Amino acid sequence: MRLILIGAPGVGKGTQGALLAESHGLARVATGDILREAVRQETELGREARAYMDEGELVPDELILELIAAELAEEADGFVLDGFPRNIQQAKGLDGILDDLGLDLECVVVLEAPDDVLVKRISGRRSCARCGAIYNAHFDPPTVAGVCDRCGAALVHREDDREEVVRNRLRVFRRETEPLIQYYHDSDLPVEVVDGDRPVDQVQATIRSALAPA
Ligand code: AMP
């Protein structure tokens with residue numbers, strides 16, 4: 001199965017994508033995670049991407065498409081794309097990459113939640129820099145504050161989860177990414193819109209039943 005998860009920052013793409021990847025044996029390809037790792041390792045990509053990420057702006061399409069082409073060539077069996085595509089140019093780029101690989105997308109899942117919920121979720125978000133597990137200081141805290149339950153590493157508050165950056169990320173989402181929903185509606189792909197303002201397991205159950213007939 002090959003699908004795209006679209007949704008604003010904080011809506012739960014990472015959490016839902018990871019659950020789905022695990023249950024369906026898919027690779028989770030999250031451009032944000034790949035970029036953060038590149039920044040941490042100070043690679044050339046990381047150095048180029050960092051300033052955009054710190055401001056909550058999109059990293060240039062050429063860089064993203066190059067990294068996605070390399071990732072997808074390795075994951076032909078099935079993947080869930082989280083955080084990509086982020087604009088129409090990237091969606092067109094993805095169409096070309098998939099054509100070259102002889103692959104099709106099967107579904108687009110759109111996760112929705114109101115802005116005030118998103119801002120609150122993000123302000124409490126803490127993630128594990130080692131294994132990628134995500135917690136929320138308000139709604140889903142780890143057993144020991146600041147420590148990952150899964151792997152014991154320290155949890156971090158993402159630099160771009162500060163409130164002023166979050167507000168810009170939401171503006172960028174509305175302006176650049178939301179038009180993708182229409183783009184995919186206009187294609188032949190099924191687009192499943194899911195209410196993300198519910199407990200994690202309920203959202204996951206809705207996504208799974210939407211995918212079941214596929
Ligand atoms: P995310 O973890 O998906 O919220 O992404 C964090 C940041 O990485 C974003 O605010 C962008 O600066 C950058 N980023 C992630 N994915 C993309 C993408 N597909 N295109 C451009 N920038 C991206």
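The structure displayed is predicted, hence computed values, not measured ones. Start at 1 and go down the list; that is how both ligands and their atoms are numbered.
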Any sub-3.5 Å donor-acceptor pair from Gln16's side-chain atoms to Val200's backbone N or O? yes
CZ/Arg50: more than 12 non-hydrogen atoms of other groups inside 6.0 Å: no
Tell me, please, which residues at least two apart from Glu164 pass salt bridge (charged side-chain N to carboxylate O under 4.0 Å, His left out). Arg162
Using modelled atom types and a 3.5 Å cut-off, is there a donor and acceptor pairing between side-chain atoms of Arg126 and backbone atoms of Gly146? no
Considering only N or O atoms, set out every pair between ligand 1 and the protein closer than 3.5 Å, with distances to one decimal place.
residue, atom, partner, partner atom, Å
ligand 1, 2 (O), Arg36, NH1, 2.9
ligand 1, 2 (O), Arg36, NH2, 3.0
ligand 1, 2 (O), Arg158, NH1, 3.4
ligand 1, 2 (O), Arg158, NH2, 3.4
ligand 1, 3 (O), Arg86, NH1, 2.9
ligand 1, 3 (O), Arg86, NH2, 3.3
ligand 1, 4 (O), Arg86, NH2, 3.4
ligand 1, 4 (O), Arg158, NH2, 3.4
ligand 1, 4 (O), Arg169, NH2, 3.2
ligand 1, 5 (O), Arg86, NH2, 3.3
ligand 1, 12 (O), Glu57, O, 2.6
ligand 1, 16 (N), Thr31, OG1, 2.8
ligand 1, 16 (N), Gly83, O, 3.4
ligand 1, 16 (N), Arg86, NH1, 3.4
ligand 1, 19 (N), Gly83, O, 2.9
ligand 1, 19 (N), Gln90, OE1, 3.0
ligand 1, 20 (N), Gln90, NE2, 2.8
ligand 1, 22 (N), Val59, N, 3.0

Using a strict threshold of under 4.0 Å (side-chain N to carboxylate O), is an ion pair present between Lys92 and Asp95? no
More than 12 heavy atoms of other residues, nucleotides or ligands under 6.0 Å from CG of Asp188: is that the case? no
